[in-house]
> 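Please see the structure below; I have some questions.
Just so it is clear, the structure is predicted and the values come from calculations on it, not from any experiment.
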Amino acid sequence: MKTYALIQGLKQEYDNYTDEDRKVWGILFNRQVEQLQGLADESYLKGIEKIGFYATTIPDFRLVNTRLKSLTGWEIVVVPGIIDQVNFFTMLANKQFPSSTWLRSIEELDYLSEPDMFHDAFGHMPLLTNQTFCDFFHQIGLIGTKYLEHPKIIEMLGRVYWFTVEFGLINAEGQLKIYGAGILSSIGETKFSLSDVPVRQPFDIVEIMNTDFDNTKIQEKYFVIESFQQLLYAIVTMEEHLEQSVE
């Protein structure tokens, strides 16, 4: 069994945010909130209010954690950027969401090669107020820690994460809505995902586990769930399929 170094002890240096950081957060927040009205899932939009996000204030993770712990038992853990699979799945298994604290520059409003705090906070954190979604997220972490020594399974879990948590769509009472963080935090992907251009398919957990993706360009295919309960119910099927993969 390998040994791994887990990230710990990092914190958000809140007083170090600059005027440009506050300006960037405000521009991105206002732009996306306006665009997402009627396009994002209602649980996400309500989550923005529950978690206490505003255009005028960069989120303070100390306050965010107080709210999340009381709502769903989750908390935010500061990481330096993209982290390895061991730290990622271990944090999810512990009901912790890893987030960077740096913000893009004013010249990079529309595109980044690596997710920043706006993506992590605005895209992901509001849905951490939804218990059913959190239960699904937690299960992904638990399964991931179980199969850390199996690269094939970790790759399959990565696909599940990509096509749900990052780029998922939901059929909410007959209307197609967005719940994936990669879409919610991107002005371009928001418009594209609901247009007539991409392929959209009904949610199928087995197909998702066997579907490759390219993280260097806008998505060409999205999977549509009917409810967050559907995600949670799919865990059983997913585990059965993963167990067969290691036999």
> Indicate yes or no for a side-chain donor-acceptor contact from Gln230 to the backbone of Glu226 under 3.5 Å, with no hydrogens or angles considered.
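Judged by distance alone, yes, a pair lies under 3.5 Å.
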> Would Asp110 and Arg31 pass as an ion pair if we require N to O under 4.0 Å?
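Arg31 and Asp110: salt-bridged.
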> Would you say the ring centers of Phe133 and Phe228 fall short of 6.0 Å from each other?
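Yes, close enough.
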> Listed by chain and number, what are the salt bridge (Lys or Arg N to Asp or Glu O under 4.0 Å) partners of Glu220, not counting sequence neighbours?
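With neighbours one apart ignored, the set is Lys217.
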> May I have all residue pairs that pass ring pair (Phe, Tyr, Trp, His ring centres under 6.0 Å) and include part of residues 182-205, sequence neighbours excluded?
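Non-adjacent pairs meeting ring pair (Phe, Tyr, Trp, His ring centres under 6.0 Å): zero.
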> Could you tell me whether Trp162 and Phe167 have their ring centroids closer than 6.0 angstrom?
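So the answer is yes for these two rings.
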> Honestly curious: do Val236 and Val206 fall in one hydrophobic cluster under the side-chain, below-4.5 Å linking rule?
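No; tracing contacts between hydrophobic side chains, which count when under 4.5 Å, never links both residues.
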> If only side-chain N and O atoms count, and only distance matters, is there a donor-acceptor pair under 3.5 Å linking Glu108 with Ser105?
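Yes, because at least one side-chain N or O of Ser105 sits under 3.5 Å from a partner of the opposite role on Glu108.
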> Side chain of Gln37, backbone of Val33: donor and acceptor closer than 3.5 Å?
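At least one qualifying donor-acceptor pair exists.
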> Kindly write out the residues that satisfy side chain to side chain contact (heavy atoms under 4.5 Å, CB included) with Lys191, not counting sequence neighbours, or none if the list is empty.
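Side chain to side chain contact (heavy atoms under 4.5 Å, CB included) check on Lys191 returns Gln35, Ile187.
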> Under the side chain to side chain donor-acceptor pair (under 3.5 Å) criterion, do Gln12 and Tyr17 qualify, and how do the steps go?
CA-CA 10 Å; Gln12 181 187 33; Tyr17 286 116; 3.2 Å; yes
> Is the Phe29 to Phe122 ring centre distance short of 6.0 Å?
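Under 6.0 Å, so yes.
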